[in-house]
Novice: 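Let me give you the structure first, and then I'll get to my questions.
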Number of protein chains: 2
Amino acid sequence: MMKSVTVYDIAKEANVSVATVSRVLNNTAPVKASTRERIQSLINKYQFQPNALARSLIKKVTGMIGIILPDITNPFFPEVLAGLEQEARKQGYTFFLCDTGSSNLDIKEQYKRETQYLNILMEKQVDGIIMIGGRIDLHKCSKEMAKEVAEINKRVPLVFINGNLPGAKFHRVVIDEEAGGRMVTEHLIGLGHRDIAFIGGYSQMSNTVERLQGFRMAMERAGLPVREEWIDHGGFSVQRGKNMMGRLLEMDTVPTAVVCANDLVGIGAIKAAVKSGLQVPRDVSITGVDGVPLAASVIPELTTMSLRCLELGRAAASVLHGLISKSGDVQTLTILQPELVIRESTSVPMQKEA
Amino acid sequence: MMKSVTVYDIAKEANVSVATVSRVLNNTAPVKASTRERIQSLINKYQFQPNALARSLIKKVTGMIGIILPDITNPFFPEVLAGLEQEARKQGYTFFLCDTGSSNLDIKEQYKRETQYLNILMEKQVDGIIMIGGRIDLHKCSKEMAKEVAEINKRVPLVFINGNLPGAKFHRVVIDEEAGGRMVTEHLIGLGHRDIAFIGGYSQMSNTVERLQGFRMAMERAGLPVREEWIDHGGFSVQRGKNMMGRLLEMDTVPTAVVCANDLVGIGAIKAAVKSGLQVPRDVSITGVDGVPLAASVIPELTTMSLRCLELGRAAASVLHGLISKSGDVQTLTILQPELVIRESTSVPMQKEA
DNA sequence: CGCCATGATGAAATCGGTTACTGTGTACGA
DNA sequence: TCGTACACAGTAACCGATTTCATCATGGCG
């Protein structure tokens with residue numbers, strides 16, 4: 001648009017060297033008051049803004065951090081993002097947002113996108129990377145990906161939020177997913193439910209696997225059988241939730257409670273239940289996991305496990321900052337405990353017609 | 001972490017000059033096959049990735065575009081973002097996300113943040129900027145801001161989504177907000193409502209003002225009076241929606257329908273209505289504006305004006321790309337028509353007890 | 001009065017790429 | 001046989017900052 005003014009232009013017009021201009025810019029060495037003013041006024045006059053590319057090139061610090069997440073449209077992620085922002089803004093970082101758009105992609109395509117974004121972020125010389133989303137060993141892409149990410153981790157600080165990759169040691173900030181799955185199931189069992197289903201998520205993602213593990217553990221401890229036909233993995237969206245709940249309701253025997261892998265699926269499940277004439281929670285209790293604000297906005301309000309998204313984001317930002325600034329005392333693994341939020345979508349089961 | 005390898009390292013080991021390495025990197029001139037292979041294998045061996053800062057410094061193109069929005073936590077914005085992504089990814093852009101976090105801030109603070117982000121984006125040499133959110137003349141900060149943004153617009157392509165600033169000519173992609181407000185109101189009038197309220201938004205934001213204008217126009221055309229005490233501006237969140245609806249329901253006379261400035265407020269309004277024992281839509285009809293997926297997930301599903309977020313994002317991305325690549329044929333103003341989505345939260349009003 | 005710390009500044013190297021310019025060697029048409 | 005064109009490759013300038021090193025006053029101190 002316009003050729004931009006540089007330190008050289010300023011220097012020339014002020015009859016000083018670029019070094020001096022740089023000094024007033026960064027306050028890095030004493031400059032005579034009169035000279036400083038002269039330069040400062042030129043800076044104002046031209047609205048001069050130093051080129052961050054040039055600066056970063058020599059300083060080897062960009063103040064940029066990259067964020068890779070699977071689907072910005074899922075309200076969990078904006079929430080975490082907000083937490084990241086809050087913390088990272090203080091340190092003066094700005095964000096690269098990389099949405100791998102997984103909601104519509106198959107897993108292979110998603111890995112490709114992640115790799116692609118990872119490379120872009122490296123080229124752009126970000127100071128650090130945050131990856132949000134669960135991974136686990138079950139998919140064959142995963143090993144390859146792990147190696148790749150490990151390689152990157154050697155070059156630039158990286159922290160995982162709620163996820164991991166097999167065989168590699170990354171810095172991680174996670175929610176105790178298993179405890180989450182367990183506690184929410186125990187809540188239902190405590191209410192008197194015995195026939196409980198688990199729907200949602202992806203079988204190759206660590207968050208799903210761990211939540212399900214917690215579910216199984218709670219059931220086992222209570223001496224309740226787990227019906228495998230009541231376990232269904234089919235995604236994380238409202239629509240998927242509707243579908244899975246729909247399938248569940250068409251079965252011969254129907255559970256009295258359903259734990260959903262996340263809030264969106266929970267909301268979808270409520271919709272499906274209501275649509276087929278059931279009342280929630282009278283006829284069927286439904287729970288979510290995530291604790292996004294939205295879960296408190298539906299009717300009935302969703303009982304859920306709060307994953308404390310904001311804190312998750314904040315914690316990750318501060319770990320990453322520790323890594324970047326090499327302040328020694330960074331924990332490799334930070335575990336946050338989820339919190340059961342009891343609202344309106346759960347209650348004691350209806351009396352069995354005897 | 002590790003000192004990175006450069007073109008010089010590659011060049012030395014391959015016994016060629018950096019120019020040749022650059023040529024194989026960018027395929028910008030013929031290189032002998034054997035040489036190319038030798039270089040390529042070294043690139044693979046070291047996982048060499050050219051430094052984008054250095055490249056951008058001389059090429060004057062960064063492939064980065066900045067996005068400024070008020071609150072990533074409001075589902076409208078992720079939706080628009082997804083649209084932007086879809087389109088911009090094709091062109092190879094990556095995003096800087098700047099959340100001014102307005103949900104908690106007063107307007108002055110928000111302007112400060114915007115200015116700050118704008119400056120950061122300029123320094124980082126983004127190829128273009130997209131600002132999402134409505135503005136209008138009513139606030140005194142606004143004039144100043146307009147000048148500032150106009151100044152920036154001279155230096156780097158900028159497009160507004162759903163917003164404007166007084167006295168300046170920017171490229172804009174907008175929804176016809178007034179039509180939106182009008183159509184949704186006409187829908188209610190068509191159902192037989194005469195006592196209609198309008199709640200939500202901010203009186204200094206153009207989107208609110210225009211939606212309200214549409215509301216007034218529809219009322220006027222139908223010969224219906226607008227009760228000023230039924231007009232309440234108090235924000236865009238679910239919580240605010242609850243509060244405003246609560247106030248409305250405490251009045252001596254209560255409307256039979258409420259048009260809300262956005263979906264979140266609409267959802268809050270439904271919650272408040274239900275909480276105070278009313279049924280929606282039997283006792284009161286409620287409408288939103290935005291058309292976020294969430295609006296279809298609540299019970300009852302919210303009747304709303306779809307602002308076609310994805311298309312909005314895509315259109316903005318393509319306008320911005322046109323601006324950046326100077327492909328001449330860019331429209332200054334792109335207007336999309338909103339679409340009425342009738343769902344479950346509106347119906348004919350109850351018979352007046354005569 | 002001489003010395004040295006300090007203030008104030010400039011010259012030039014540097015970061016890691018791209019590219020304009022230049023210079024070979026070879027093929028091809030006249 | 002000569003001129004021209006093109007394939008291939010190197011040299012060095014350049015992008016716009018920061019920073020090291022050197023220079024030169026100035027002034028306090030012994």
Side-chain angles (χ1 to χ4, degrees), chain A residues 2-40 42-43 46-64 119-120 122-127 155-156, chain B residues 2-40 42-43 46-64 119-120 122-127 155-156:
Chain A
M2 266 168 51
K3 62 191 162 307
S4 49
V5 340
T6 73
V7 277
Y8 289 90
D9 303 322
I10 303 283
K12 182 145 56 138
E13 191 162 340
N15 277 315
V16 295
S17 73
V18 289
T20 305
V21 177
S22 175
R23 286 192 263 261
V24 346
L25 241 29
N26 302 289
N27 235 305
T28 169
V31 173
K32 210 198 325 184
S34 67
T35 316
R36 151 171 281 120
E37 271 172 41
R38 189 151 34 95
I39 293 173
Q40 193 61 55
L42 285 171
I43 290 176
Y46 291 113
Q47 307 251 64
F48 168 70
Q49 286 171 310
N51 183 322
L53 298 177
R55 171 180 291 167
S56 296
L57 184 56
I58 194 156
K59 294 248 257 184
K60 299 184 167 325
V61 170
T62 57
M64 311 188 300
N119 286 331
I120 291 178
M122 298 290 296
E123 289 182 2
K124 303 242 190 248
Q125 313 294 117
V126 295
D127 292 341
R155 302 179 179 217
V156 43
Chain B
M2 266 168 52
K3 62 192 162 310
S4 48
V5 339
T6 73
V7 276
Y8 290 90
D9 304 323
I10 303 283
K12 182 142 57 134
E13 191 161 340
N15 278 314
V16 294
S17 74
V18 290
T20 306
V21 177
S22 177
R23 286 192 262 262
V24 348
L25 242 27
N26 301 290
N27 235 305
T28 169
V31 174
K32 209 201 317 185
S34 68
T35 316
R36 151 171 281 121
E37 271 173 40
R38 190 151 33 97
I39 293 174
Q40 193 61 56
L42 285 171
I43 289 176
Y46 292 113
Q47 309 250 63
F48 169 70
Q49 285 171 311
N51 184 323
L53 298 178
R55 170 180 293 166
S56 296
L57 185 55
I58 194 153
K59 294 248 255 183
K60 300 184 168 322
V61 170
T62 56
M64 310 188 299
N119 286 332
I120 291 178
M122 298 291 295
E123 290 183 1
K124 303 241 191 249
Q125 313 294 117
V126 294
D127 291 341
R155 303 178 178 219
V156 44

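Residue numbering restarts at 1 for every chain, and letters A, B, ... go by the order of the sequence lines.
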Novice: Would the distance check show the side chain of A:Arg23 and the main-chain N or O of A:Ala29 forming a donor-acceptor pair, the cut-off being under 3.5 Å?
Specialist: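 No.
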Novice: Whole angstroms only, please: what is the CG-C1' distance between A:Leu25 and D:dG16?
Specialist: 12 Å
Novice: Would you mind telling me which of D:dT11, C:dG10, D:dA7 lies closest to the side-chain atoms of A:Val16?
Specialist: C:dG10
Novice: Indicate whether OP1 or OP2 belonging to C:dT19 is found under 4.0 Å from a side-chain N or O atom of B:Ser22.
Specialist: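 Negative; the distance criterion is not met.
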Novice: Which whole-number value in Å describes the distance from B:Lys124 NZ to D:dA17 P?
Specialist: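 Value for this atom pair: 14 Å.
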Novice: Give the nucleotide from the list D:dA9, C:dG16, C:dG17 with an atom nearest to the side chain of B:Arg55.
Specialist: C:dG17
Novice: With heavy-atom distances below 4.5 Å as the criterion, would you say the side chains of B:Val16 and B:Lys32 are in contact?
Specialist: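 Sidechains of B:Lys32 and B:Val16: no contact.
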Novice: At less than 4.0 Å, is any side-chain N or O atom of B:Thr35 found next to OP1 or OP2 of D:dA9? Yes or no.
Specialist: yes
Novice: Say you draw a straight line from OG of A:Ser4 to CD of B:Glu123; how long is it, rounded to the nearest 0.5 Å?
Specialist: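 CD of B:Glu123 is found 12.0 Å from OG of A:Ser4.
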Novice: Could you tell me the separation between the CD1 atom of B:Ile10 and the C1' atom of C:dG17, rounded to a whole number of Å?
Specialist: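 So the two atoms are 13 Å apart, to the nearest Å.
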Novice: Need one value for A:Asp9: base, sugar-phosphate or nothing, where a base atom within 4.0 Å counts as base even if backbone is also close, heavy atoms only.
Specialist: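 Result for A:Asp9 = nothing.
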Novice: Let me spell it out: for each of B:Arg23 and B:Leu57, pick the nucleotide of DNA chain D with the closest heavy atom. Which residue's pick is nearer the 5' end?
Specialist: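 Its nearest nucleotide being more 5', the pick is B:Arg23.
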Novice: So does B:Asn51 get a side-chain nitrogen or oxygen closer than 4.0 Å to the phosphate oxygens (OP1/OP2) of C:dC15?
Specialist: no
Novice: So if I take every side-chain heavy atom of B:Val7 and compare against D:dA17, C:dG17, C:dG16, which nucleotide ends up nearest?
Specialist: C:dG17
Novice: Among the candidates D:dG10, C:dT14, C:dG10, find the nucleotide nearest to the side-chain atoms of A:Ile58.
Specialist: C:dT14
Novice: Would you say the side chain of B:Leu42 lies within less than 4.5 Å of the side chain of B:Val21, judging by non-hydrogen atoms?
Specialist: no
Novice: In whole angstrom, what separates B:Leu53's CG from C:dT14's C1'?
Specialist: 15 Å
Novice: Is any side-chain N or O of B:Thr6 closer than 4.0 Å to OP1 or OP2 of C:dG16?
Specialist: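 Negative; the distance criterion is not met.
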Novice: Nearest to the side chain of B:Val18, which nucleotide is it out of D:dC8, D:dA12, D:dG16?
Specialist: D:dA12
Novice: How do A:Asn15 and A:Ala54 order along DNA chain C: which one's closest nucleotide is nearer the 5' end?
Specialist: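 Between the two, 5'-proximity favours A:Asn15.
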Novice: Contact class for B:Val21 (heavy atom, under 4.0 Å): base, sugar-phosphate, or nothing?
Specialist: nothing
Novice: Given D:dG10, C:dT18, D:dA9, identify the nucleotide with an atom nearest to the side chain of B:Ala19.
Specialist: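 Comparing D:dG10, C:dT18, D:dA9 against the side chain of B:Ala19, the answer is D:dG10.
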Novice: Output the rounded distance in Å from CD (A:Glu123) to C1' (C:dG17).
Specialist: 12 Å
Novice: Are any of A:Lys60's side-chain N or O atoms less than 4.0 Å away from OP1 or OP2 of C:dG16?
Specialist: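 For C:dG16, OP1/OP2 do have a side-chain N/O of A:Lys60 under 4.0 Å.
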Novice: Taking A:Lys60 for its side chain and A:Gln125 for its backbone only, find out whether a donor-acceptor pair lies under 3.5 Å.
Specialist: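 Not a single qualifying donor-acceptor pair exists.
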Novice: Measure from the side chain of A:Pro30, starting at C-beta and using heavy atoms only, and say which of C:dG7, C:dT19, D:dT18 lies closest.
Specialist: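 Looking only at heavy atoms from C-beta outward on A:Pro30, the closest nucleotide is C:dG7.
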Novice: Please round to the nearest 0.5 Å and tell me the distance separating atom CG of B:Asn51 and atom OG of A:Ser56.
Specialist: 9.5 Å
Novice: Atom NZ of B:Lys59 and atom P of C:dG16: how far apart are they, to the nearest Å?
Specialist: 19 Å
Novice: Whole angstroms only, please: what is the CG-C1' distance between B:Asn26 and C:dA20?
Specialist: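 To the nearest whole Å, that distance equals 15 Å.
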Novice: Can you check the A:Asn27 CG to C:dT9 P distance for me, whole Å?
Specialist: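 Nearest whole value for this atom pair: 14 Å.
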